Amino acid sequence: MSEYLNQLSESQRQAVEYIDGASLVVAGAGSGKTRVLTYKIAYLLEHGIAPYSILALTFTNKAAREMKSRIAQIVGESEVRRLWMGTFHSIFSRILRRESETIGYSSDFTIYDAQDSKNLIKTIIKEKALDEKLYKPAQIQAQISKVKNALITPELYVQDRELSEYDQLMNRPRTAEIYANYWERCKTAGVMDFDDLLLYTYILFNKHQDIVERYRNMFRFILVDEYQDTNHVQHEIVRQLAAEHQRVCVVGDDAQSIYSFRGANIGNILNFQKIFPETRLFKLEQNYRSTQTIVNAANSLIKKNLKQIPKTIYSKKSVGEKIPIITAYSDFEEGYIVASRIAEMRMLNNYAYSDFAILYRTNAQSRIFEESLRKINIPYRIYGGLSFYQRKEIKDIVSYMRLITNPKDEEALKRIINYPTRGIGDTTVAKIAAAANLHHVSLWQVASNPIAYNLNINSGTAKKLAAFCGMIQSLIDTAHTQDAYELGIAIIKETDFKTELYEDKTPEGLSRVQNIEELLNSLQAFVLARREEGDPNILLGDFLAEISLMTDADTDDAENANRVTMMTIHSAKGLEFKNVFVVGMEEDLFPSEYMSMHPAEIEEERRLFYVAITRAEENAILTYSKSRFRNGQTQTCRPSRFLADIDESFLKGAKPKTERYGEPVAPHTFKILSAPNVSPAKAVSTSSETSSGLSVGDRVRHHRFGVGEVLSLSGADENAKAEVMFDHFGVKNMLLHYAKLEPITP
DNA sequence: GAAGCCCACATTTTT
DNA sequence: TGTGGGCTTC
């Protein structure tokens, strides 16, 4: 029965078999992390833990799906179906739907994607007649997301001194107001954004002892994948559920933490043992993916980071090829070199096209490779860009579905109230929104009862509005008697989508029609699959709940099988290829120019490079160009400092000369048991103190940039300079002679 | 509401 | 460079 345990290495087996308390599995790149997770779940099931009492959280649907199918092979399909296994967002939305009343929502709430959120924020800014230059919707959105992840509700926001100081500093004091309105509008609309799914779960558990108890008792064992990528709320929810019984196993690799810009907190994994003091630590240090050279090169690179859990990753595979660093004179030549290398390697070693990947830091770099590959007829596939569910025609149909499921959904209504065109323009919508805001009701409420809300519209418009609402209402009325697929067909029919789109015979038009058909196909497949599982009546809301949390990574297509893969390094995490080209190894590109000199940010970029290299099984090839066409002009480029971080013995030929950068002195590892707070490591400085009386590490205040920390000091007297990391403005170099820095005592 | 023009802008994005 | 958003114009 436990025969599968023999397929595990000793350290993997130990990690699998420890089920009595908290454990942290530090799983290096290619160390068989998924294998441990899947076998551990199988092991738990075998030891009498019921499937419904296992909670297993992942970040992507893909990861959840893959794990499910692997567990199914061991324990069978029916068991797997009863596991609470899925992404944080999907599992929590399930819980929230069950408990929706407690938090003042209906179980039919719909979900705003990032675009919807941004649109709403933009609307609010416009309604308040604020300057969009100052109140940039994207920035406000990012800030709202950030504070939600930090468990800060609008009520807490206004009380938060630091936040209001920051908003003052940024010249947008009314951010709190926007946030409050956004929050309320979502509530009135019966919608949640992605962050809400986490935050409301936290609030639910925090405010209702009985409910959290229930889930604590239900989830007798909790597993979390990619723990290094969890943000604050996610971490806190795991804590809420696991703190009592402590049966929690988190798996991750601090060296692969690359999502801090999305709120991921590497401290969650570094400090895990502090929160669960009984934690058993397991390290998976054998890499089964890459050659020794690749593993060792990656090790030598990551050693340059200060903050990390000590571990020694090794490979028992062949030594393999050394890593070439190829210099190109232009980005154009870089493309040419990579394309011809691929052709050459394919000929010499019989590789398939799919054995190659080109990884870059920014999507903009893909173009040139696209051209160079196309020129010599190499098939490729580019990841990134618009996902299926973000396409206009799909969002349009989905908006109808959302509106029928939850007519209060503001963004859904706005999107389709005049699409296909039915003479209800922006002015009317603005009037509806104004009345809705005034009475704290949904737009739908006003639109379907214009008289009750004294809506000032002419009779023609009123008629059109009534026709629209009537159509939606009749679809709502049939929603309970039809299954989701039938309803989907009805939507297309009723809304004149056919005439709108099916007439369009341009290639774009045809592809739009195809996309819609694809959506309907997947709807049909969904209904059939659910029915097979014994669910008799599948409603549209069920389908929506599922697809609202899907991304493009979830729609894999078999047709594109044998192609060279092009993607950003971020999206390559978790994947592997025989041969990997990491291109654009240049300063200001990788590490990104947007990263300040702050050591923590450079470390994250270095981890990104680590992720890139460790994708390769057989060959990693690094390229950089001496010049590059960017933002409308040709720039000269210097080779990336990261090239100098790799030990020369793993490289083919000599390293290019890189400048020295003020960075960590001696690499030392992070003691995790006594893990202190994750304060940024201090940079090296040329002198620690100057005549200014300041010293490195001091907190200072600047009249424009607010507070910050002195990173380094240089020069003397009137040339004395300080490098300061401001809390909200990044690193600035300033002449002390001009910049008045006041030291602040903590 | 489509088309055309001008201006600003230029990372990474699991949900 | 090239794209996307906002604006005007027909």
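Note that the structure is predicted; figures quoted are calculated from it, not measured.
Two residues, A:Asn418 and A:Glu604, neighbour DNA chain B, and the one matched to the more 5' nucleotide by heavy-atom proximity is A:Asn418. If A:Gly423 and A:Leu197 are placed on DNA chain B by their nearest nucleotide, the residue sitting closer to the 5' end is A:Gly423.
Summarising the geometry, the separation between NZ on A:Lys392 and C1' on C:dG4 is reported as 16 Å, rounded to the nearest angstrom. As a whole-Å value, the separation of A:Asp426 CG from B:dA2 C1' is 14 Å. Between A:Leu608 atom CG and B:dT13 atom P there is a gap of 10 Å when expressed in whole angstrom units. Regarding A:Glu546, its CD atom lies at a distance of 14 Å from the C1' atom of B:dT15, rounded to whole Å. Going from atom CD of A:Glu371 over to atom P of C:dT1 covers 14 Å, rounded to whole Å. Between the C1' atom of B:dT14 and the CZ atom of A:Phe388 lies a distance of 20 Å, rounded to the nearest Å. In this structure, A:Asn119 atom CG and C:dG5 atom C1' are separated by 12 Å, rounded to whole Å. Separating the CD atom of A:Gln141 from the P atom of B:dT13 is a distance of 16 Å, rounded to the nearest angstrom.
Atom CZ of A:Phe332 is surrounded by 12 or fewer heavy atoms from other residues, nucleotides or ligands within 6.0 Å. More than 12 heavy-atom neighbours from other residues, nucleotides or ligands sit within 6.0 angstrom of NZ on A:Lys392.
Between B:dT13 and C:dG2, the distance separating the two C1' atoms is 22 Å to the nearest Å.
Residue A:Arg367 places none of its side-chain N or O atoms closer than 4.0 Å to OP1 or OP2 of C:dT1. When the side-chain nitrogen and oxygen atoms of A:Thr568 are compared with OP1 and OP2 of B:dT13, one or more of them lie within a distance under 4.0 Å.
Taking the six-membered ring where the residue is Trp, the centroids of A:Tyr259 and A:His570 are separated by under 6.0 Å. For an aromatic pair to be called close, the ring centres must be under 6.0 Å apart, and A:Tyr202 with A:Tyr200 fails this. In this structure, A:Phe92 has its ring center at least 6.0 angstrom away from the ring center of A:Trp84.
A:Phe261 qualifies as a stacking partner of the B:dT12 base, centre to centre under 5.5 Å and near-parallel within 30°.
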Distances for protein N or O near nucleotides 6-10 of chain C N or O, under 3.5 Å:
| from | atom 1 | to | atom 2 | distance (Å) |
| --- | --- | --- | --- | --- |
| C:dG6 | OP1 | A:Lys122 | NZ | 2.7 |

Please write out the pairs of protein N or O atoms and N or O atoms of nucleotides 5-11 of chain B separated by less than 3.5 Å, giving the distance to one decimal.
| from | atom 1 | to | atom 2 | distance (Å) |
| --- | --- | --- | --- | --- |
| B:dT11 | O2 | A:Arg361 | NH1 | 3.4 |
| B:dT11 | O2 | A:Arg361 | NH2 | 3.0 |
| B:dT11 | O2 | A:Ser592 | OG | 3.4 |

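Geometrically, A:Lys128 does not engage A:Tyr135 in a cation-pi contact, judged by NZ or CZ lying under 6.0 Å from the ring centre and within 45° of the ring axis. In this structure, A:Arg422 fails the cation-pi test against A:Phe468, since its NZ or CZ atom is not both closer than 6.0 Å to the six-membered ring centre and inside 45 degrees of the ring normal. With A:Phe388 as the aromatic partner, A:Arg391 does not meet the cation-pi criteria of under 6.0 angstrom to the ring centre and within 45 degrees of the ring axis.
A:Phe629 comes within 4.0 angstrom of the backbone, heavy atoms only, and of no base. Here A:Ser90 lies out of heavy-atom contact (under 4.0 Å) with every strand.
A:Arg262 contributes no side-chain N or O that forms a donor-acceptor pair with the base of B:dT14 under 3.5 Å.
For the atom pair CD1 of A:Ile258 and CD1 of A:Ile266, the computed distance is 11.0 Å after rounding to the nearest 0.5 Å.
For the pair A:Glu605/A:Tyr610, no side-chain contact is recorded, criterion being any heavy-atom separation below 4.5 Å from C-beta on.
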